[in-house]
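Taking it in order: structure first as structure tokens, then the write-up.
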Amino acid sequence: MASPEYLICLECESPCYTFEWEDGKVSEILCQVCGNDDPEQFAHSDEIDAMTEM
């Protein structure tokens, strides 16, 4: 998968544009709004859409 333009913080739902992408996943990220830095707590818009369709 190519690097997405942005990822969405799952804690505060803010878009994050600055992150490190390696081997098809985020390796480093920091939400500038809430300070979340756990890569597992971010998703791209396609994943968010899939979660809200349920």
Please check if atom CD in Glu28 has more than 12 non-hydrogen atoms from other residues, nucleotides or ligands closer than 6.0 Å.
-> no
Would you call Pro39 and Phe19 a side-chain contact if the rule is heavy atoms closer than 4.5 Å?
-> no
To the nearest 0.5 Å, tell me how far Trp21 CH2 sits from Ile29 CD1.
-> 9.0 Å
Over all heavy atoms of both residues, which pair between Cys34 and Cys31 is shortest? Give the atoms and the distance, please.
-> N-SG, 3.5 Å
Asp38 to Asn36 - nearest heavy-atom pair and separation = N-OD1, 3.0 Å
Quick one: side chains of residues 4-16, donor-acceptor pairs under 3.5 Å with protein atoms, not counting sequence neighbours, listed by atom name and distance.
none

NZ of Lys25 to OG of Ser3: how many Å apart, nearest 0.5 Å?
-> 14.5 Å
